[in-house]
Structure formats: C-alpha cells, structure tokens
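This report concerns only the one structure given below.
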Amino acid sequence: METDEHTTEDAPTAAKPAKPLWRRLAPLVVLIAGLVAFFALGGPQYLDAERAQGVLRSVDGWVQDNLVLALVAYMIFYALAVAISVPGALWFTIGSGFLFGPYLGTGVAVIGATAGATIIFLAARYAFADWVREKFPGYVKKLQDGFSRDAFTYVVILRLIPVLPFFGINIATALLNVPVRAYALGTLVGVIPGAYVYATVGATIKRAADTGVPSFGSLLTPELIFAMVAFAVLAVLPVVYRRIRTAGPQGCPV
C-alpha cells in the first residue's frame, strides 16, 4: 500500500489565514479618527475664505523667511488633509498658491494630494479589497479587466474628468486591481491641471491683498488668464467624455 506522502505533496497549499478584522481596519480607523479630530477641534471654520486668508497672511512672513521648511510643512499638511478626506481640499490648493505662487504652489499641491491620496488608497485596499472581491467576484473581475489593460491611463482620466469625487476615486480604485505605482503616477499627472488653476487663483488673491484694491485689468495676469482657460476646459470635459462614450461602438468601452 502506498504511503500518504505523495498525496500530501500534491495537495494544494493551504490558504493563508485571513487577517483579523481589527488589523485590517486599523489604518482606516486612524484616518477616520483624524477626520473626527479635525471637526472636533473646529477645523471647518478655517475653510471660510476670509478666515483662511487671515491665517495665511499671518504666516506669510515666516514662510518667506523659511521657504524650504514651509514647503515641506505645507506638503505634509496637505497630504494629511487629503488622507483623512477633509472636505473642500481646493481651499488648500488656493492657500498653496497664496503662500508660494502659482508654480511652486502647484508643485506643493500636486505632491501633497498624491501622497495623501496614496495613503487612503492603501488603507482602503488593506481594509476592504479582499472582502469586496469575495462578495462580488464577477462584478469586480469585470471592472478589473478594464483597468488592467491600462491602469495608469484610467486613473489619469478619472482625475482629469470629475466623474467621481476625489475621495470616491481613492476608494473605488483601491478595491480594484490597480497597481500602486500606476495609481500614484496617474494621480500625480491627473491633478496637475486643476492644481495649477486653483494655485493661480490663490496667487492672484495674494497679489490683490498686497496692492489694496487693484483694477480689474491688473488682476488679469497671463497666468490667471491661462488658468481660467484651463478651468473652462476642465468644466466641459465631463460633457465631452459622455458624448464620446455615447458615440462609441456598442459594447466597446471608451
């Protein structure tokens, strides 16, 4: 009689035990706690335009004297705000332009937004991706097949065209098989136009505040005009996207 050694060797490798629920949820709970703390400590009051401008003006001198430290600090601040999904993140981009100008401000906002989005992407994937794939295998596989063809391009399009809120894109892509590198690079590229628009608005507000009550013509700098055109293009992109999808071949994803 044959021994059981052969049978044991041919047996499939035992599946890894599932991670405890508390461990999977821990990173997400930390981010949620950060959002709760933001509201509890009165953070929303600083999303008011006048109050935010007062805070920015009060730190402007320190920023100019400690530019490198200020850039790093604001990037970290921006990343944490995005990671805990503070509403109205566009105000932080405007603030970045106010403090650092349209170009440095855009860079700070783009890096901060990408870092924060990647943090919540990883936390959501760690918490829910396996569970969603187990509960909705067919639906998830269908979506994954589309993303796997060119995940980077899909992420860029989702960032450029606001089909979903920024937070919604973070969560949705986390539940699919989107590689972290493609997600981070796609986010980095996709948020640049919007970040430039709002950073330029912030820089223009700063210029207006420094010069008192300027004429309308003096506010129309080349940077602001270009930003306004970019904003108009971004505004019509969802309509163009829907038209292209409607006109595409039946059953062929666009």
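None of the values given here were measured: they were computed from a predicted structure.
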For the pair Arg159 (side chain) and Ile169 (backbone), establish whether a donor and an acceptor sit closer than 3.5 Å, ignoring hydrogens and angles. no
Show your working on side chain to side chain contact (heavy atoms under 4.5 Å, CB included) between Leu28 and Tyr126 and close with a plain yes or no.
CA-CA 9 Å; Leu28 211 55; Tyr126 188 74; over 6 Å; no
Separation between CD1 (Ile32) and CD1 (Ile84), nearest 0.5 Å, reads 11.0 Å
All heavy atoms of Ala83 vs all of Ile120, minimum pair found to be O-CD1, 3.6 Å
Quick one: does Thr187's side chain get under 4.5 Å of Val155's, heavy atoms only?
-> yes
Q) Would you say Val156 and Phe152 make side-chain contact, with heavy atoms under 4.5 Å? A) yes
Review point. When you look at Ser96 and Tyr198, which way does the side chain to side chain donor-acceptor pair (under 3.5 Å) test go after all the steps?
Key: CA-CA 9 Å; Ser96 183; Tyr198 290 114; over 6 Å; no
What one should report as the nearest heavy-atom pair of Leu56 and Gly95 is CD1-CA, 3.7 Å
Is it true that a side-chain atom of Tyr183 and a backbone atom of Ala117 form a donor plus acceptor pair closer than 3.5 Å? yes
Heavy atoms of Phe39 and Pro44 approach each other most closely as CD2-CG, 3.3 Å
Practice problem: Please examine the side chains of Phe77 and Val108, heavy atoms only from C-beta on, and report whether any two atoms are closer than 4.5 Å. | Solution: no
Checklist entry - Same cluster for Leu90 and Met75 if Ile/Leu/Val/Met/Phe/Trp/Tyr side chains link at under 4.5 Å? => result yes
Correct closest heavy-atom pair for Ala123 and Pro27 would be CB-CB, 4.0 Å
A side-chain contact here means heavy atoms from C-beta on lying under 4.5 Å apart; do Val178 and Arg125 qualify?
yes
Honestly curious: do Tyr74 and Val72 fall in one hydrophobic cluster under the side-chain, below-4.5 Å linking rule?
no
Open item on the list: Between Leu71 and Leu69, is there shared hydrophobic-cluster membership here, with clusters defined by ILVMFWY side-chain heavy atoms closer than 4.5 Å?
Closed with: yes
In this structure, CD1 of Ile111 is separated from OG1 of Thr106 (nearest 0.5 Å) by 11.0 Å
In terms of hydrophobic clusters joined by side-chain contacts under 4.5 Å, are Leu122 and Ile76 together? no
Rounded to the nearest 0.5 Å, the CG atom of Leu80 sits from the CZ atom of Phe38 at a distance of 12.0 Å
Distance col, row Leu99:CG vs Ile94:CD1, nearest 0.5 angstrom, shows 12.0 Å
For Phe98 and Arg57 the tightest heavy-atom approach is CZ-CG, 3.6 Å
Of all heavy-atom pairs linking Thr114 and Leu188, the shortest is OG1-CA, 3.3 Å
d(Ile171 CD1, Phe166 CZ) to nearest 0.5 Å is 11.5 Å
Minimum side-chain heavy-atom gap Leu67-Phe100 below 4.5 Å:
yes
